[in-house]
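See structure below.
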Amino acid sequence: MLTLIVGLVWANPKGAYRVAPDPVTLYGAIASGKSPLGIYSTTTANPPTLKNLLPVSFYTPIAGVYANGNYYFFSAYMRKNVVITVKLEKYDVNTWTKITDMFPERIAPTALTYDTKSSQVYGCYPNTSKGYDFRTLNLETAMTTVIATLPQQFVALYSDNQGHVYGIGVDGTLYQFDLGTGKPNAIGTTGVVPSTDI
């Protein structure tokens with residue numbers, strides 16, 4: 001599975017959108033189906049290329065987010081589908097060298113996004129009630145703050161340059177989040193039911 005963290009459209013600080021020139025390089029983490037697991041780049045060229053930037057060993061890639069010129073990458077060490085340790089690593093995106101790593105609480109997000117308007121990272125995290133929470137993430141401390149309990153798992157989150165946060169739930173519906181209450185409001189179906197094998 002390739003989780004893309006950079007899209008095909010770039011946000012202009014003046015609020016207008018412009019289409020990115022071809023080909024565009026996209027970055028993400030491959031968590032299964034390809035060896036080695038790790039951070040990869042691909043392009044929108046035809047045919048696309050796939051390049052391993054940073055392999056990971058016994059940690060499983062979970063989620064990542066680009067913020068402030070760095071890539072923050074969650075991975076987990078698991079035994080028999082039980083999370084033993086979670087690691088949050090910060091990488092320089094120009095050299096792919098590790099800057100720092102932290103070992104936060106033993107929960108890893110299923111999806112993350114960085115809102116450039118508020119400089120806030122939002123994520124979907126499992127909770128102790130076998131459900132999911134909508135949380136903010138402090139990238140310096142790896143601590144999270146619960147905004148709300150969610151009705152389902154979200155497998156993808158996205159924020160635009162206007163400060164709107166969107167997500168795709170496991171039901172295949174696109175939602176927009178109310179950032180004050182954390183409530184996801186349905187926009188419409190994507191027509192695809194995502195895999196939760198992440």
Side-chain angles (χ1 to χ4, degrees), residues 1-6 26-42 50-68 70-93 96-115 120-159 165 167-171 177 182 193-198:
M1 178 192 69
L2 181 63
T3 305
L4 302 178
I5 62 167
V6 178
L26 307 168
Y27 299 92
I30 293 183
S32 64
K34 180 153 182 70
S35 184
L37 303 180
I39 300 172
Y40 282 77
S41 68
T42 188
L50 188 63
K51 179 181 177 186
N52 180 257
L53 301 170
L54 184 70
V56 294
S57 55
F58 56 87
Y59 278 81
T60 300
I62 303 294
V65 67
Y66 175 84
N68 305 317
N70 297 297
Y71 184 54
Y72 296 83
F73 180 62
F74 273 93
S75 57
Y77 175 60
M78 302 188 315
R79 283 193 204 142
K80 297 182 181 178
N81 293 329
V82 174
V83 174
I84 306 299
T85 305
V86 172
K87 183 165 50 169
L88 173 59
E89 300 167 278
K90 177 181 178 181
Y91 287 93
D92 178 311
V93 296
W96 292 103
T97 55
K98 187 188 313 184
I99 298 170
T100 59
D101 59 5
M102 295 177 268
F103 293 88
E105 54 190 319
R106 210 174 55 182
I107 57 169
T110 62
L112 293 169
T113 190
Y114 177 69
D115 172 21
Q120 188 67 252
V121 175
Y122 294 96
C124 174
Y125 283 80
N127 61 32
T128 56
S129 303
K130 299 190 187 248
Y132 293 89
D133 292 330
F134 187 59
R135 300 181 183 204
T136 58
L137 167 67
N138 181 318
L139 292 173
E140 299 305 315
T141 64
M143 298 299 294
T144 64
T145 302
V146 175
I147 299 173
T149 297
L150 294 170
Q152 64 180 310
Q153 177 184 351
F154 281 77
V155 296
L157 293 175
Y158 168 77
S159 56
V165 174
I168 297 175
V170 293
D171 64 353
F177 284 88
V193 178
S195 169
T196 58
D197 184 27
I198 54 175

ask   = To the nearest 0.5 Å, what is the distance between CD (Glu89) and CZ (Phe73)?
value = 6.5 Å

remark   = By ring-ring contact (aromatic ring centres under 6.0 Å, His included), Phe74 pairs with (sequence neighbours left out) none

ask   = Once you round to the nearest 0.5 Å, how far does CG of Leu88 lie from OG of Ser75?
value = 8.5 Å

ask   = Hey, mind stepping through Tyr125 and Phe154 against side-chain contact (heavy atoms from CB on, under 4.5 Å) and telling me if it holds?
value = CA-CA 9 Å; Tyr125 283 80; Phe154 281 77; over 6 Å; no

Which pairs would a plain distance check flag for residues 100-108, meaning a side-chain donor or acceptor within less than 3.5 Å of a matching protein atom at least two apart in sequence or in another chain?
{"unit_1": "Asp101", "atom_1": "OD2", "unit_2": "Lys98", "atom_2": "NZ", "d": "3.3"}
{"unit_1": "Glu105", "atom_1": "OE2", "unit_2": "Thr144", "atom_2": "OG1", "d": "3.2"}
{"unit_1": "Arg106", "atom_1": "NE", "unit_2": "Val83", "atom_2": "O", "d": "3.4"}

inquiry  = According to ring-ring contact (aromatic ring centres under 6.0 Å, His included), who are the partners of Tyr122, at least two apart in sequence or on a separate chain?
reply    = Phe134

query = What pair of heavy atoms forms the shortest contact from Pro194 to Ile168, and how long is it?
reply = CG-CG2, 4.1 Å

Reported OH-to-NZ distance for the pair Tyr40 and Lys51, which is rounded to 0.5 angstrom = 12.0 Å

query = Hey, is the main chain of Tyr114 close enough, under 3.5 Å, to the side chain of Ser159 for a donor-acceptor pair?
reply = yes

Minimum side-chain heavy-atom gap Leu137-Leu112 below 4.5 Å = yes

task = Give a yes or no on whether the backbone of Val155 and the side-chain of Thr110 come within a donor-acceptor separation of less than 3.5 Å.
result = no

Heavy-atom closest pair, residues Leu157 and Ala111 = CD1-O, 3.6 Å

message = Would you compute the distance between atom CD1 of Ile62 and atom CE of Met78 and round it to the nearest 0.5 angstrom?
response = 5.0 Å

task = State whether the side chain of Gln120 and the backbone N or O of Asp115 hold a donor-acceptor pair below 3.5 Å, judged by distance alone.
result = no

Tyr71-Asp92 side chain donor-acceptor pair, cut-off 3.5 Å = no

query = Looking at CG of Leu54 and OG1 of Thr97, how far apart are the two atoms once the value is rounded to the nearest 0.5 Å?
reply = 9.5 Å

request  = Check the pair Val93 / Tyr91 against side-chain contact (heavy atoms from CB on, under 4.5 Å), numbers first and verdict last.
outcome  = CA-CA 6 Å; Val93 296; Tyr91 287 93; 5.8 Å; no

ask   = With no hydrogens and no angle check, is any side-chain donor or acceptor of Ser129 less than 3.5 Å from a backbone partner on Gly131?
value = no

task = Would you name the heavy atoms of Ala63 and Pro109 that are closest together and state the gap between them?
result = CB-O, 3.7 Å

Heavy-atom donor-acceptor pair, Asn138 side chain to Glu140 backbone, under 3.5 Å = yes

request  = Please check if the side chain of Gln152 supplies one atom and the backbone of Asp171 the other of a donor-acceptor pair under 3.5 Å.
outcome  = yes

Working for side-chain contact (heavy atoms from CB on, under 4.5 Å), residues Thr149 and Asn127 = CA-CA 8 Å; Thr149 297; Asn127 61 32; 4.0 Å; yes

message = Determine whether Leu150 and Cys124 satisfy the following criterion, side-chain contact (heavy atoms from CB on, under 4.5 Å), listing intermediate values before the conclusion.
response = CA-CA 8 Å; Leu150 294 170; Cys124 174; 3.8 Å; yes

task = Could you check if a side-chain atom of Asn70 sits within less than 4.5 angstrom of a side-chain atom of Ile99, using non-hydrogen atoms only?
result = yes

